[in-house]
Every structure is written in C-alpha cells, then in structure tokens.
Amino acid sequence: MSQRSLAPQIITGLGLMLLTGALLRQGVEWAMVDVCLDGGGAYDYARAVCREPGYSAAIPSLWQRNPAVVLLASSGTVLALLGAGLIYLSRRGGDDES
C-alpha cells in the first residue's frame, strides 16, 4: 500500500480559496449596484459610486474595473482544475495496482 501525496488536495483547496475570494470581492460590487439601483440611482461603474437618476456612462469591462477579481478567478480556476485532475489521476492509478 503506497502513501498518497497531499499536494493535489492542497492545490485544489488553494484554487477553491482563490475562486471564493474572487466571488466575494465581486459580490461586494454587486451588492453596491443593487442598493444603488433599488434606491432609484444610477451606478457609475468606473468610479464605483451611486449617481443621481438619469446619469449615463459607458460600463467598463470587469478587467478595467477590477483586475484582481479576474486574476483571482482565473488562477483559482486553473489551480482547482489542476488539483482535481491530479486527484483523479492518482486514484485511477491506484485502482489499477489492486
């Protein structure tokens, strides 16, 4: 019986933590937008403030507004998928030896 490494679980956990951080950070913006729109205002995404009704401006991309969310989400996804793949491969390889 061979001992399995904890590295795949650690990689997967780190990836999931990064994804959770990205979702929490983006959730803050979603909540601010919701409160603003529910109050009748118009949300200025570029400055992250609530404006008077009728305000109109272009909505910048998420990468322009908050690159940290994009980086956290993309790196978290890569790490989570890598870790999950390693876990799958280690279990698949272990079943063949039995």
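Hydrogens, waters and symmetry mates are skipped; everything else that's a heavy atom, side chains included, is used.
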Take Arg51 and Tyr43, measure what side chain to side chain contact (heavy atoms under 4.5 Å, CB included) needs, and give me the verdict at the end. CA-CA 6 Å; Arg51 302 278 184 163; Tyr43 193 76; over 6 Å; no

Steps toward side chain to side chain contact (heavy atoms under 4.5 Å, CB included) verdict (Leu81, Thr77): CA-CA 6 Å; Leu81 290 174; Thr77 300; 3.9 Å; yes

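Ile59 is not connected to Val49 by any chain of hydrophobic side-chain contacts under 4.5 Å among Ile, Leu, Val, Met, Phe, Trp and Tyr, and they are in different clusters. The hydrophobic clustering, which links ILVMFWY residues whose side-chain heavy atoms are closer than 4.5 Å, places Val33 and Val28 together. Transitive grouping of hydrophobic side chains (ILVMFWY, heavy atoms separated by less than 4.5 Å) keeps Leu16 and Leu86 in distinct clusters.
For the residue pair Leu18 and Ser75, the shortest heavy atom distance occurs at CD1-OG, 3.7 Å. For Met32 against Ala48, the heavy-atom pair with the smallest separation is CE-O, 3.8 Å. A pairwise comparison of heavy atoms in Pro53 and Gly40 identifies CG-O, 3.1 Å as the closest pair.
Other residues, nucleotides and ligands contribute only 12 or fewer heavy atoms inside 6.0 Å of the OH atom of Tyr88.
Between Leu79 and Thr12 the shortest side-chain heavy-atom distance does not fall below 4.5 Å. Within the 4.5 Å cutoff, the side chain of Leu72 has no heavy atoms near those of the Leu19 side chain. Looking only at side-chain heavy atoms (C-beta outward), Asn66 and Tyr45 stay at 4.5 Å or farther from each other.
Between the CG atom of Asp38 and the SG atom of Cys50 there is a distance of 10.0 Å, given to the nearest 0.5 Å. Atom CG of Leu6 and atom CD1 of Ile11 lie 11.0 Å apart (nearest 0.5 Å). The CD atom of Gln26 lies 8.5 Å from the CG atom of Leu23; values are rounded to the nearest 0.5 Å. Considering CD1 of Ile10 and OG of Ser5, their distance stands at 7.0 Å, rounded to 0.5 Å.
Contacts classified as salt bridge (charged side-chain N to carboxylate O under 4.0 Å, His left out) and involving residues 23-35 (residues at least two apart or in different chains) are given here: Glu29-Arg65.
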